[in-house]
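Working notes, beginning with the structure itself.
Chain naming here is simple, since letters A, B, ... match the order of the sequence lines and numbering starts at 1 in each. If you're wondering where the values come from, they're calculated on a predicted model, not measured in any experiment.
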Amino acid sequence: MTAVLTKSSAHSIVEASPRAKMVAGSLVILYAVITILPLVWIVATAFKSQSDAIAYPPKVFFEPTLEGYVNLFTVRTRQTPDFIAKLPPPETWYDKLVRQRDMVIAGPSKVVPRFVNSLIIGFGSTFLAVFLGTLAAYAFSRFRIPLADDLLFFILSTRMMPPVAVAIPIYLMYRQLNLTDTRLGMILLYTAVNVSLAVWLLKGFIDEIPREYEEAALVDGYTRLQALRKVVLPQAVTGIAATAIFCLIFSWNEYAFAVLLTSGEAQTMPPFIPFIIGEGGQDWPAVAAATTLFVVPIVLFTVLLRKHLLRGITFGAVRK
Amino acid sequence: MDKMTTILQPDDATFPGMSEPVKPRTARPVRGLSDRTIAWLFVAPTIALLLAINIFPLVWMIRLSFTSLNLSMSYLPLRFVGLDNFTDILTDEDVWFRLQTTAQFVIWSVAFQVVIGFGLALLINRQFRGHSFWTTIILLPMMLSPAVVGNFWTLLLQPQIGPFNYLISLFTGVPPSSFSMTGQVSLAPWTIVLVDTWMWAPYVMLICLAGLRSIPDYIYEAAEVDRASAWRQFWSITLPMTVPFLMLAVLFRAIENFKMFDMVNLLTSGGPGSTTELVSITLKRAAFEKWRTGYSSALAIILFVTVFGAANIYVKALNKVKQR
């Protein structure tokens, strides 16, 4: 990190003065703190009780509880205190927690299947997109392909379509093919959306690997495919990983297609979270708990991706 | 057709998207596979997938746009109505109003994002201690799911219980339940702009930062030698050299905002009334609530052509800037 900083930091003549740095630093930190507050508030809400979550004035200090998480993972029914008193003593801490509110756990909620859907669809489409993308990117980077520019532009342009617009014919097509509300259908759809990013990003990464490495391998008698496997892929591994994470984040976050094309079986987390309803309307601690669980991987990925972030979000058009 | 790829041509090191034409080298064929076959085999699956999931539906949509298909009455035979759907849409004042709403939203959000993003980038570029940590924090909103963002801002903006109204009332004395950020005609559009800016200003910041870092130090050093003032340096060096990056950011954000659906759908679902009804919401209502498939297909095509056309015109302008 320090090496990078010294390398990119300005020459002494243009180096900002300590005072300028302090002013800049304070302003940026102020902005960062304000920008992160909403997220902090949600994470905190996940640990509030229902009544603390909807208290007025909004509670900054509260007694933390895991009710939100329990409510997220279970379906509960309200019972009379008499009925609950007659039950055998609670076996688990969450049983106990729920009974304090005059409720018993009736079963698991749908959150786990939805989370599993997000994982399967996310990883499935990422794998496919990166696989197809690597092959295509390698071909575009290393071979003379007729109309390569037009093909690349075509690949990019598929991303310009508003999802709501494409959703109509895809809905009709999927109905014919029995792919509506299936994981396979969603995987194929997200692969198609991700593959454009994958090709563009990976082409950039592969372009940077000196051609000479492969040529040396070819001279040594390797075939084209061996050279790809043994020379290019190992060199491109960071780029492939970064691309994969970008694809994963896209599928993980996608909402428009998910809400229009799935209703049950293949529903992912984003369309599910807003409709977590408690007894008196929206169960905010449970919603916040779901949001927190959903957002944690993204936060980790962001930290991991810092270096590649710019490329990923601009299709590799700009490199930092 | 002007190609977007042209802006990415490597006339400098910052746009490495495309490389020079490849000099073909012949390798020992694998089991009779020539390089040409390999190239074809490698590209074909991607193209096939995109044809199946993007182009085929698009063609289908074009066909449907000339029909009166309504999916809630799909027992009716498919009736071709020619250009009726298109004339209906283009003569409908409501649709024009939605387009206006969308345009206003795009203009305001992009403007705020560019100003804030560029400002932040200038500050971060001063490389104060810990700048990379704070940059990462600032980048977080952009990585979140727009749906989740729309959802949790709904909580933050609740007039009765949300912290946002409470804070405003602390500073201004306006009673918190007397205004609703998402439910009031005068405020709802600005709420969308606010949340969108919160989410995407970091994006512009990141692109600007790349622009700023691409300016070589010696130019500033020369300016110092010439005793150019800080303002002068900003106007004659920093700004002109970041303009291509700014324009790229504007292009990407404008396209994304034009088709924005997720966040708005959850935050206001187009309301109150239709104050925040962006075209994408109109489209979703026509297609998936009224099931007017023919009509919505026509609208979708109009939208797509608009995005595509605007992007191409813009890219031409961008190329001119880059060639200067």
Max heavy-atom pair count under 4.5 Å with chain A, selected residue of [options]:
{"options": "Ala52(B), Ala300(B), Pro57(B)", "answer": "Pro57(B)"}
{"options": "Val307(B), Val148(B), Leu120(B)", "answer": "Leu120(B)"}
{"options": "Leu144(B), Thr154(B), Val279(B)", "answer": "Leu144(B)"}
{"options": "Trp60(B), Phe128(B), Phe152(B)", "answer": "Phe128(B)"}
{"options": "Val59(B), Leu303(B), Leu167(B), Ile47(B)", "answer": "Ile47(B)"}
{"options": "Leu64(B), Asn265(B), Thr293(B)", "answer": "Asn265(B)"}

Which bit of [X] is near chain A, if near means a heavy-atom gap under 4.5 Å: side chain, backbone, both or neither?
{"X": "Phe288(B)", "answer": "side chain"}
{"X": "Ser169(B)", "answer": "side chain"}
{"X": "Phe258(B)", "answer": "neither"}
{"X": "Gln160(B)", "answer": "backbone"}
{"X": "Ile116(B)", "answer": "side chain"}
{"X": "Met142(B)", "answer": "side chain"}
{"X": "Pro163(B)", "answer": "both"}
{"X": "Ile301(B)", "answer": "neither"}
{"X": "Leu71(B)", "answer": "side chain"}
{"X": "Trp40(B)", "answer": "neither"}
{"X": "Phe261(B)", "answer": "side chain"}
{"X": "Ile137(B)", "answer": "both"}
{"X": "Ile53(B)", "answer": "both"}

Is there a side-chain contact between [X] and [Y] (heavy atoms, below 4.5 Å)?
{"X": "Glu221(B)", "Y": "Val225(B)", "answer": "no"}
{"X": "Gln226(A)", "Y": "Thr223(A)", "answer": "yes"}
{"X": "Val193(A)", "Y": "Phe257(A)", "answer": "yes"}
{"X": "Phe294(A)", "Y": "Pro270(A)", "answer": "yes"}
{"X": "Asp262(B)", "Y": "Met260(B)", "answer": "yes"}
{"X": "Leu50(B)", "Y": "Ile55(B)", "answer": "no"}

Are Ser34(B) and Thr37(B) linked by a side-chain donor-acceptor pair shorter than 3.5 Å?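 Thr37(B) and Ser34(B) do have a side-chain donor-acceptor pair below 3.5 Å.
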For the residue pair Asn165(B) / Ser177(B), report whether a side-chain donor-acceptor contact shorter than 3.5 Å exists.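 Per modelled atom types, Ser177(B) and Asn165(B) side chains form no pair under 3.5 Å.
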Which atoms of [X] are under 4.5 Å from chain B, going by heavy atoms: the side chain, the backbone, both sets, or neither?
{"X": "Leu260(A)", "value": "both"}
{"X": "Val287(A)", "value": "side chain"}
{"X": "Ala192(A)", "value": "both"}
{"X": "Leu189(A)", "value": "both"}
{"X": "Val60(A)", "value": "neither"}
{"X": "Ala167(A)", "value": "both"}
{"X": "Leu37(A)", "value": "neither"}
{"X": "Ile42(A)", "value": "side chain"}
{"X": "Val195(A)", "value": "side chain"}
{"X": "Thr45(A)", "value": "side chain"}
{"X": "Gln282(A)", "value": "side chain"}
{"X": "Leu172(A)", "value": "both"}
{"X": "Leu188(A)", "value": "both"}

Within 45° cone of Phe250(A) ring axis and under 6.0 Å: Arg159(A) NZ or CZ: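 Yes, a cation-pi geometry holds between Arg159(A) and Phe250(A).
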Check whether NZ of the Lys or CZ of the Arg Arg311(A) lies under 6.0 Å from the centre of the six-membered ring of Phe246(A) and within 45 degrees of that ring's axis.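 No, Arg311(A) and Phe246(A) do not form such a contact.
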Apply side chain to side chain contact (heavy atoms under 4.5 Å, CB included) to the pair Gln233(B) and Glu224(B), showing each step before the final yes or no. CA-CA 9 Å; Gln233(B) 288 183 23; Glu224(B) 288 283 330; 3.2 Å; yes
Step-by-step side chain to side chain contact (heavy atoms under 4.5 Å, CB included) determination, Leu51(B) to Phe56(B): CA-CA 6 Å; Leu51(B) 285 176; Phe56(B) 177 69; over 6 Å; no
Considering only heavy atoms and a distance below 4.5 Å, find which of [options] pairs most often with chain B.
{"options": "Thr302(A), Val295(A), Val23(A)", "value": "Thr302(A)"}
{"options": "Leu309(A), Leu201(A), Leu39(A)", "value": "Leu309(A)"}
{"options": "Ala139(A), Ala55(A), Pro274(A), Ala53(A)", "value": "Pro274(A)"}
{"options": "Pro38(A), Ala165(A), Ala136(A)", "value": "Pro38(A)"}

Report the distance from atom [atom1] of [X] to atom [atom2] of [Y], rounding to the nearest 0.5 Å.
{"X": "Asp35(B)", "Y": "Arg224(A)", "atom1": "CG", "atom2": "CZ", "answer": "4.0 Å"}
{"X": "Ile313(A)", "Y": "Met143(B)", "atom1": "CD1", "atom2": "CE", "answer": "8.0 Å"}
{"X": "Ser297(B)", "Y": "Arg63(B)", "atom1": "OG", "atom2": "CZ", "answer": "11.0 Å"}

Quick one: are the ring centres of Trp252(A) and Phe301(A) less than 6.0 Å apart?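 No.
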Less than 6.0 Å separating the ring centroids of Trp200(A) and Phe140(A)?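 Distance test on ring centres: not under 6.0 Å, no.
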Go through Met269(A) and Leu293(A) one step at a time and tell me if the side chain to side chain contact (heavy atoms under 4.5 Å, CB included) criterion holds. CA-CA 10 Å; Met269(A) 287 289 276; Leu293(A) 290 181; 5.6 Å; no
Walk me through it: do Ser296(B) and Leu283(B) pass the test side chain to side chain contact (heavy atoms under 4.5 Å, CB included)? CA-CA 6 Å; Ser296(B) 51; Leu283(B) 184 56; 3.9 Å; yes
Between Phe304(B) and Phe308(B), what is the ring plane arrangement, given parallel below 30°, perpendicular above 60°, and tilted in between?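 Plane angle between 30° and 60°, so tilted.
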